[in-house]
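Residue numbers start from 1 in every chain, and the chains themselves are labelled A, B, ... in the order their sequence lines are given, proteins ahead of strands. Keep in mind the model is a prediction, meaning the values are calculated, not measured.
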Amino acid sequence: MSDALPLTVLYFAWLRERTGVAEERVVPPPGIANVAALVDWLAGRSAGHAAAFADRAVVRCAVNQEFADPATPLHAGDEVAFFPPVTGG
Amino acid sequence: MSDALPLTVLYFAWLRERTGVAEERVVPPPGIANVAALVDWLAGRSAGHAAAFADRAVVRCAVNQEFADPATPLHAGDEVAFFPPVTGG
Amino acid sequence: MARILVQTADFDTGAELGRLTAGRSDIGGIGCFVGTVRDTAAGRKIAALTLEHYPAMTERALAAIAAEAERRWELLGCTVIHRVGRLAPGANIVLVLAASAHRQAALEATAFLIDWLKTKAPFWKKEELADGAATWVEARETDTDAAARWSA
Amino acid sequence: MARILVQTADFDTGAELGRLTAGRSDIGGIGCFVGTVRDTAAGRKIAALTLEHYPAMTERALAAIAAEAERRWELLGCTVIHRVGRLAPGANIVLVLAASAHRQAALEATAFLIDWLKTKAPFWKKEELADGAATWVEARETDTDAAARWSA
């Protein structure tokens, strides 16, 4: 069982609006070892978080500013960002 | 047998340099009814004309400012231009 | 080597072209794309577009996209400028420039840069409608398709 | 509708972009290509390039090419400017602009315009080498191939 991971979590666009949070520092319980597990845990933090992660197929993620997927492992101090598919250009 | 056709003939790029002529008004003998026949006749006008038309595969033609081919028919008063493949842009 | 900027200010395409080509005579062609704010989307009138981004990631993602273009084509210069913040209809959003000795490389790299930017750079557009409602623009499948053709 | 110019004077790409988009907010993207004089050709140093054309036919041919682009894509504006005369290395030769509501149309039309112009507009380039020799540039098969892909 892995240790607790202090993480910085960022939300953009409608994920920021639904969670009501742009950035939060969290320490998930031991066992949260990858992005998928973190999402499960974050979704339980508030009704807003639950709404933000309601349709996970449209949520994208970056870990330390690189695109990541549900299986991407997490380490202490990582910056994890959640956002919708990008629409720039 | 068709009548004689008064024509304006223009030469561009190395065709102009080889013929030594930018523009000439010609009245080919009767029977010169299309571009191919005109080229045969023009090639006999001077050594420079012969040199210009020596390799007909690399000569392009326009009749009245529209791209033409050897079979394009000619009419009195036509403007016939000869030039190499274009290289603008 | 690429010039990458993310800014709220407008850009000057002519000045950027001049900067890319100044003092050079090895360039044969420059491809360019300018994206601008349209006043309608899906038949609705747009009052403004707000561009949000992920600052720590954006320039890094753009630099990676430009580096990929420079790996695929022999470029002699490359500029990507993306605006953020609130933009009115008609305003510039994004500029892409790619210079090469040959036109085909310049044109292909330009198309590649804007296609990849649209699917791999962390920007999000929010449309404000004339009636005050505001909605996040959804990613278009055609953008994903356009980016995917460069994977082959 | 297209703006077609053949001139000895230089053009100002920024000003032309401004002219194409002034007062409009229906445009989503503008594709652009600028062709410039390279200082080398097949490894030889170029002192200058002279562009000859067939005045009575040129603007007509360019207008036909622009009309074909407007037939194939939904363009909101289109500019083609081609210089003639003697041009030094680094100088502008040709400008193509195509504006559309959608970027794909703008980019494709831009590539189409320059590809077709290279094989269907009556311009001829003569290269002056540094040693004083001058030769007419030969048409490149790759240009014919590039133009041919639009026939499909």
Side-chain angles (χ1 to χ4, degrees), chain C residues 11-18 20-41 45-47 49 76 87-104 106-108 110-115 117-118 140 142-143 145-146 149, chain D residues 11-18 20-41 45-47 49 76 87-104 106-108 110-115 117-118 140 142-143 145-146 149:
Chain C
F11 51 78
D12 178 336
T13 302
E16 291 298 332
L17 258 171
L20 193 69
T21 58
R24 303 193 69 147
S25 51
D26 53 348
I27 294 172
I30 307 108
C32 168
F33 178 78
V34 180
T36 50
V37 181
R38 281 201 295 150
D39 58 7
T40 51
K45 212 76 185 162
I46 299 298
L49 205 62
L76 296 168
L87 303 173
N92 289 325
I93 304 174
V94 62
L95 171 68
V96 167
L97 297 175
S100 174
H102 304 288
R103 89 174 177 292
Q104 216 59 40
L107 288 168
E108 287 181 13
T110 301
F112 169 86
L113 283 163
I114 188 69
D115 282 353
L117 186 158
K118 287 214 169 233
R140 289 166 34 181
T142 54
D143 287 337
D145 294 346
R149 73 193 160 109
Chain D
F11 50 79
D12 179 335
T13 302
E16 291 298 332
L17 259 171
L20 193 67
T21 58
R24 304 193 67 146
S25 51
D26 53 348
I27 294 173
I30 307 107
C32 168
F33 177 78
V34 181
T36 50
V37 181
R38 280 202 297 150
D39 58 7
T40 51
K45 212 73 184 165
I46 300 296
L49 204 62
L76 297 169
L87 303 172
N92 289 326
I93 304 173
V94 62
L95 171 68
V96 167
L97 297 175
S100 175
H102 303 288
R103 87 175 179 291
Q104 216 58 43
L107 287 168
E108 287 180 12
T110 301
F112 170 85
L113 283 163
I114 187 70
D115 282 352
L117 187 157
K118 286 213 169 234
R140 288 167 36 182
T142 54
D143 286 337
D145 294 347
R149 73 192 162 108

Sequence-distant partners of C:T40, side chain to side chain donor-acceptor pair (under 3.5 Å), two or more places apart:
none

So if I take each residue of residues 91-103 of chain C and look for any heavy atom under 4.5 Å from a heavy atom in chain D, which residues do I end up with?
C:A101, C:H102, C:R103

So CD of C:Q104 and CD1 of D:I114: to nearest 0.5 Å the spacing works out to 10.0 Å

Against chain C, label D:V34 side chain, backbone, both or neither, depending on which of its atoms sit under 4.5 Å from a heavy atom there.
both

Check each atom of C:D115 against the heavy atoms of chain D and say whether the ones under 4.5 Å are side chain, backbone, both or neither.
both

Which salt bridge (charged side-chain N to carboxylate O under 4.0 Å, His left out) pairs, counting each pair once, include a residue from residues 27-41 of chain C, with sequence neighbours left out?
C:D39-C:K45

Which bit of D:E108 is near chain C, if near means a heavy-atom gap under 4.5 Å: side chain, backbone, both or neither?
neither

Are there residues of residues 24-32 of chain C that reach to under 4.5 Å of chain D by heavy atoms, and which ones?
C:R24, C:S25, C:D26, C:I27, C:G28, C:G29, C:I30, C:G31, C:C32

The interface call for C:A146 against chain D, heavy-atom contacts under 4.5 Å, is side chain

